[in-house]
Novice: 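Got a structure for you, written out below as structure tokens; questions coming shortly.
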Protein chains: 2
Amino acid sequence: MQAQRSVGIVQRKYFTFAQDAPMPLDSGETLGPITLAYETYGQLNEDRSNAILILHALSGDSHAAGYYTPNDAKPGWWDDCIGPGKAFDTNKYFVICSNVIGGCQGSTGPGSINPKTGKPYGLNFPVITIADMVRAQRHLIDHLGIDTLLAVAGGSMGGMQVLQWMVSYPERVRAALPLATTARHSPMLIAFSEVGRQAIYADPNWHNGDYYDKTPPNTGLALARMIGHITYLSEESMHQKFGRRLQGRERYGYEFETEFAVESYLKYNGNRFTERFDANSYLYITKAMDYFDLSNGHQRLADAFVNSAHITTLVVSFTSDWLYPAYHSKEIVSALTAVGADVTYCNLQSTWGHDAFLLEVDTMTHLIADFLDRVVRENGIRLPKPVVEAQAVSK
Amino acid sequence: MQAQRSVGIVQRKYFTFAQDAPMPLDSGETLGPITLAYETYGQLNEDRSNAILILHALSGDSHAAGYYTPNDAKPGWWDDCIGPGKAFDTNKYFVICSNVIGGCQGSTGPGSINPKTGKPYGLNFPVITIADMVRAQRHLIDHLGIDTLLAVAGGSMGGMQVLQWMVSYPERVRAALPLATTARHSPMLIAFSEVGRQAIYADPNWHNGDYYDKTPPNTGLALARMIGHITYLSEESMHQKFGRRLQGRERYGYEFETEFAVESYLKYNGNRFTERFDANSYLYITKAMDYFDLSNGHQRLADAFVNSAHITTLVVSFTSDWLYPAYHSKEIVSALTAVGADVTYCNLQSTWGHDAFLLEVDTMTHLIADFLDRVVRENGIRLPKPVVEAQAVSK
């Protein structure tokens, strides 16, 4: 654990709601009770106006920063960007992150107990959408007594939730940071999702989602994750990271073994993923992403944002992200510009592909910190006293 | 069947060799006897100097043009480019295409009978390389009595074989057309190969390759093919072809079904592939591609081509091909230029991704036909009399 510039030891908290009246979903179904696992970092200021909601991507969770124990090998997934003096500066902001519904890291999902049967939902869990995820988060924000979020921010599926917040609850958002994302899941993204799902369906351990008392479909889930990992990198970053290097051997084995470093990386990460992720959650969350299309039901994408003109927005894409190419971000920028919103757009130079939103820390820190400073200034937000005071200049 | 401009009804032929002395392989193993399934179109000229060898890609076979029966729904895989008046004009050239060793369309592969056991090889088939495929083709060319090929041509893995011909048997080649290909399989290509293989390994019907008297691992093979299909398209062509269109329904079903047109396309093509392809062949051929690296053992890629300077070469890449991006072709061009070869390079504008080499017919026809005309002219090749004579101008 790195103490410096870290939020330190954090705890996962839980909020349960929709116990009496279940929450309606886009599908027409309902869900309840709902538990959201969440974490918070930093202090809420007096008028509760410095809260930033961080939204996670497909495989993320509420553990965005800090460590659960001093012995943790790794901090939360966006620790590089959340902490004292970081992009989302916890000396200034109250940062919240919750696990999405449908997930498997503490929030209600297909692995949770279905109150009707006393057994895990499995495929009886209702199909959810990005809007349903955001609907649940709104209950959490209510619970925390926050009227208006200073900002909503996230990359990839997190960015979809950012855009959905802007559309579903514009009056609750001052600023938005959709990063490496899209306003509508493209056919290529749907295609990769579907192949991942097919890999899970094909695993004989899947048992139509009813495997919670049995061996889980880890082979299928690992395969889905391997496909995902390829798409998160770029051709260039794969050259830098692996090239054609062999793993632990000098020459070709002429056998069907893991030989190349890139194969070894994929297998290792595919298998590791099964230790922390539930295959059914993978199905539900990818399906939610596939359904995501803010332009659905509108003439133009801009029509979705008619009530979002007051939200100050920073849109970021990355040059080597072929999964969410820059033109997706430009569509968002055009739509927001069309409704008269204050939008800043950066297409950041990076070789890291889609993963860049987790890796291009230095550039993003400047960009995000400056953007948030401006939002604070323009909205007259009074930040909490910094934990570390500036040193007095000695005479 | 379209009679006009078609090579018409064709027949698959077979050539068997290495019966007494097995053919040595790159791995140190040997293989024999070896049968190659092949087809030929057009007429060989008197001095046997107008032969063009077409090399097929991963899922291809010897059936490059024409129809087996008048009722065939589809012609050979490159029929758009091979035939009277087409890019590879069968009025002028004698066109040959053979199924690679390791394949499953008539050439010796893992599904063939192992003479040592009297049963299909399965995983006892030796691991082969692109150079081994070309080594076998050389025997076929010898058998056909052709000393020098006018040209070797192919896209994707076919292009790798083209480059391998230039390196292995430069004295037997006058011109080369490596299309949409690479001189070394990139880590991203290896990654996609490996995920496809893992999908096959994961199929319980795979039985370590020993399934020829049982249900084959079609689910795994279909998955591998689905992944492949995504990579053969481009983000743009997927938008054009599918967009977010639903298949046979008006609104989201909120169920785990095939809903989007792109999902339906992938499933259909994945399943159809299993009717004509053998999962073990998929393993062997992708492995051969992964091993392909002409720079291996050399200081620079150019060193591989020191004996290829006399070969006139047309290198073609396609702007939207993210699987074999243009810079791979540029590397080939640089290497050939460095040894003083006569190289023409075109990076063709196309939205079709990697599949463009099969689809951009008009542009390629002009490009290839003109290139071959030049090679014929510069080498003083005497072509056979055209089957269709120019009409006499009436007085």
Side-chain angles (χ1 to χ4, degrees), chain A residues 25-29 123 126-129 184-188 190-195 197-199 201-204 209 219-220 222-223 226-227 229-230 233-235 238-239 241-245 252-256 258-263 265-267 270 283 287 290-291 293 296 322 325, chain B residues 25-29 123 126-129 184-188 190-195 197-199 201-204 209 219-220 222-223 226-227 229-230 233-235 238-239 241-245 252-256 258-263 265-267 270 283 287 290-291 293 296 322 325:
Chain A
L25 301 170
D26 277 355
S27 64
E29 303 280 311
L123 287 205
V127 168
I128 50 159
T129 64
R184 43 189 153 199
H185 223 223
S186 73
M188 181 180 262
I190 295 172
F192 279 120
S193 285
E194 174 65 5
V195 175
R197 286 191 295 263
Q198 291 288 342
Y201 302 154
D203 190 321
T219 309
L223 252 171
M226 288 169 73
I227 298 167
H229 265 298
I230 301 176
L233 295 166
S234 72
E235 226 253 351
M238 279 185 147
H239 272 291
K241 220 174 151 94
F242 313 110
R244 291 184 46 85
R245 213 172 62 244
Y252 300 159
Y254 298 106
E255 287 174 307
F256 290 100
T258 307
E259 290 187 286
F260 292 96
V262 65
E263 295 174 318
Y265 168 88
L266 289 176
K267 274 180 79 169
L283 300 179
K287 195 75 186 166
D290 289 354
Y291 280 145
D293 177 6
N296 196 18
W322 55 276
Chain B
L25 301 169
D26 278 356
S27 64
E29 303 280 311
L123 287 204
V127 168
I128 50 159
T129 64
R184 45 189 151 199
H185 223 222
S186 73
M188 181 181 263
I190 295 171
F192 279 119
S193 286
E194 174 65 4
V195 175
R197 286 191 295 263
Q198 291 288 341
Y201 303 154
D203 190 323
T219 308
L223 252 170
M226 287 169 74
I227 298 166
H229 266 297
I230 302 176
L233 294 166
S234 72
E235 226 253 353
M238 280 186 145
H239 272 291
K241 220 174 150 93
F242 313 110
R244 292 184 45 84
R245 212 173 62 244
Y252 300 159
Y254 298 107
E255 288 174 307
F256 289 101
T258 307
E259 290 187 285
F260 291 96
V262 64
E263 295 175 317
Y265 168 88
L266 290 176
K267 275 180 78 169
L283 301 179
K287 196 74 186 167
D290 289 356
Y291 280 146
D293 177 6
N296 196 16
W322 57 274

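Just so we're on the same page: letters track the sequence lines, and every chain starts at 1.
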Novice: Do A:N296 and A:Y291 come within less than 4.5 Å of each other through their side chains, counting heavy atoms only?
Specialist: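 A:N296 vs A:Y291: side chains apart.
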Novice: At a heavy-atom distance under 4.5 Å, which candidate from B:R244, B:M226, B:E235 has the highest pair count against chain A?
Specialist: B:R244
Novice: Between chain B and each of A:G243, A:P204, A:A222, count heavy-atom pairs under 4.5 Å; write down the option with the most.
Specialist: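 Most heavy-atom pairs within the cutoff with chain B belong to A:G243.
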Novice: Sequence neighbours excluded, which residues qualify as side-chain contact (heavy atoms from CB on, under 4.5 Å) partners of B:S234?
Specialist: B:E236, B:S237, B:S320
Novice: Calculate, to the nearest 0.5 Å, the distance between atoms NE2 and OG belonging to B:H239 and A:S186 respectively.
Specialist: 5.0 Å
Novice: Does any backbone or side-chain atom of B:H185 lie under 4.5 Å from a heavy atom of chain A? Answer side chain, backbone, both or neither.
Specialist: both
Novice: Tell me, out of B:L123, B:D26, B:L233, who's got the most heavy-atom pairs with chain A below 4.5 Å.
Specialist: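 Looking at each option in turn, the highest pair count goes to B:D26.
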Novice: Measure distances from B:R245 to the heavy atoms of chain A and classify the residue's part below 4.5 Å as side chain, backbone, both or neither.
Specialist: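 The answer is neither part of B:R245.
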Novice: Taking every non-hydrogen pair under 4.5 Å, which of A:T219, A:D290, A:T129 racks up the most with chain B?
Specialist: A:D290
Novice: Between CG of A:D203 and CG of A:L223, what distance do you get to the nearest 0.5 Å?
Specialist: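 Between A:D203 CG and A:L223 CG, I get 8.5 Å after rounding to 0.5 Å.
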Novice: With under 30° as parallel and over 60° as perpendicular, where do the rings of A:F192 and A:W322 fit, or are they tilted in between?
Specialist: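 Plane angle over 60°, so perpendicular.
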Novice: Sort B:E29 into side chain, backbone, both or neither according to what part of it lies under 4.5 angstrom from a heavy atom of chain A.
Specialist: neither
Novice: Is there a side-chain contact between A:I128 and A:L25 in this structure, where contact means two heavy atoms from C-beta onward sitting under 4.5 Å apart?
Specialist: yes
Novice: Is it the backbone or the side chain of B:S27 that comes under 4.5 Å from a heavy atom of chain A, or both, or neither?
Specialist: both
Novice: Please rank A:E255, A:R184, A:H229, A:K241 by heavy-atom pairs under 4.5 Å with chain B and give me the top one.
Specialist: A:E255
Novice: Between B:P126 and chain A, which part of the residue has a heavy atom less than 4.5 Å away: side chain, backbone, both or neither?
Specialist: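 Neither part.
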Novice: Just wondering, do B:Q198 and A:E263 contact through their side chains at under 4.5 Å, heavy atoms?
Specialist: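 They are not in contact (no side-chain heavy atoms under 4.5 Å apart), so the answer is no.
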Novice: Go through the structure and list residues passing side-chain contact (heavy atoms from CB on, under 4.5 Å) with A:A191, not counting sequence neighbours.
Specialist: B:I230, B:M238, B:V262, B:L266
Novice: Given the options B:A199, B:G220, B:A202, which has more heavy-atom pairs under 4.5 Å with chain A than any of the others?
Specialist: B:A199
Novice: Please rank B:Y252, B:F242, B:Y201 by heavy-atom pairs under 4.5 Å with chain A and give me the top one.
Specialist: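 Most heavy-atom pairs within the cutoff with chain A belong to B:Y252.
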